[in-house]
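Have a look at the structure below, then the notes.
Counting convention: from 1, in listed order, for ligands and their atoms alike.
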Amino acid sequence: MVDEYTRQALASMPKCELHLHIEGTLEPQLALTLAERNGVALPWTNIDELKAQYEFEDLQSFLNLYYALMKTLKTEEDFKDLMLAYLTRANANGVRHAEIFFDPQVHVCTNGLGFNTVLDGLLEGMAIGRERFGITGGLILSIVRDMDIDSANMILDLAQPRKAEILGIGLDSAEVGHPPARFVDQFARARRFGWHCVAHAGEEGPAAYIRDALDLLHAERIDHGIHIQDDTELLERVARDGVPLTCCPLSNLRLQVVHDMREHPIPRFLDEGVMCTINSDDPAYFGGYVAANYTALVSIGMSMETLAALAGNSIDASFAPEARKTQLHAELATWRTRHGL
Ligand SMILES: [Zn+2]
């Protein structure tokens with residue numbers, strides 16, 4: 001059991017969130033509200049019925065619900081509301097800077113919305129969040145790896161005129177059978193846009209996908225990267241080169257990537273010198289926002305000192321300007337003093 005003092009201390013600890021899918025913050029209640037607002041028929045009519053759908057066997061069973069609920073997002077206002085709901089919770093979780101994934105291929109190519117509707121709504125929400133809570137950050141356009149490659153190219157065409165408003169490119173969704181090698185051209189194009197590059201790799205897929213994300217896609221961070229534990233040479237390389245991993249403990253547990261939090265490789269990664277960060281991935285689906293992910297590590301014996309170091313990693317691994325990083329490290333130092341660390 002984690003005591004209330006520790007829980008509150010971790011919720012107030014200044015941190016960055018670097019692995020967060022905005023669509024994964026769609027809480028069941030907001031999904032039902034949006035479904036009603038937009039006249040979208042869902043198979044579940046009340047909150048209890050919907051909540052009963054949240055027991056997942058694997059990544060695919062989660063994605064099935066995820067994509068079903070995404071259909072409730074229709075208007076610029078919906079995306080603004082979604083972003084603000086997340087930033088309100090992020091603020092209560094000590095998040096000071098957030099680099100947030102969005103999946104425009106699904107909204108545009110599958111659900112028929114305009115690219116600018118999605119982007120304008122999300123940016124509007126971020127602008128309000130910045131003013132209201134002081135949370136800085138940016139959007140990372142995520143390529144949905146199991147969708148048609150033409151749809152990825154179309155999204156990049158639509159994003160090009162607005163490239164200055166987007167921070168980077170990512171790669172997400174069902175991993176196995178959709179290796180990084182397929183997306184070399186899209187990532188090369190994103191680099192020409194001046195975007196940062198990150199990619200999900202080694203969540204359910206093999207360590208080889210992590211190597212390919214680094215070598216072929218020039219990923220600056222690896223999202224998840226759990227299966228790096230199967231490749232000692234790659235683990236040493238990632239540690240030596242300071243490549244950050246954006247780990248998501250509650251997501252890994254919920255999707256049964258690990259079967260018990262005590263089996264999570266984060267402590268081993270830290271021992272090996274890997275720059276791990278802690279994040280919430282799809283918190284509406286996985287039972288907790290980012291502070292709960294830190295708390296989960298207390299329950300396996302991780303010290304507050306290590307957790308504060310992980311928050312420090314999240315600042316260093318972010319794409320925030322140096323001046324902002326300095327500011328955030330100062331906030332973290334103040335927090336440490338207050339908590340006797
Ligand atoms: Zn993810």
**Asked** What orientation do Phe79 and His107 show, parallel under 30°, tilted 30 to 60°, or perpendicular over 60°?
**Response** perpendicular
**Request:** Specify whether an N/O/S atom of His21 falls short of 2.8 Å from the Zn ion (ligand 1).
**Result:** yes
**Heteroatom test (N, O or S) for Asp282 near the Zn ion (ligand 1), limit 2.8 Å** = no
**Prompt:** Does Cys248 bring an N, O or S atom to under 2.8 Å of the Zn ion (ligand 1)?
**Reply:** no
**Complete:** Smallest heavy-atom separation, Val257 atom then Glu203 atom, equals CG1-O, 3.5 Å
**Minimum heavy-atom distance between Asn279 and His19, given as atom pair plus value** = OD1-N, 3.3 Å
**Prompt:** Can you name the nearest heavy-atom pair linking Phe187 to Val198, along with the distance?
**Reply:** CE2-O, 3.4 Å
**Request:** Mind reading off the angle at the Zn ion (ligand 1) between the NE2 atom of His19 and the OD1 atom of Asp281, rounded to 10°?
**Result:** 80°
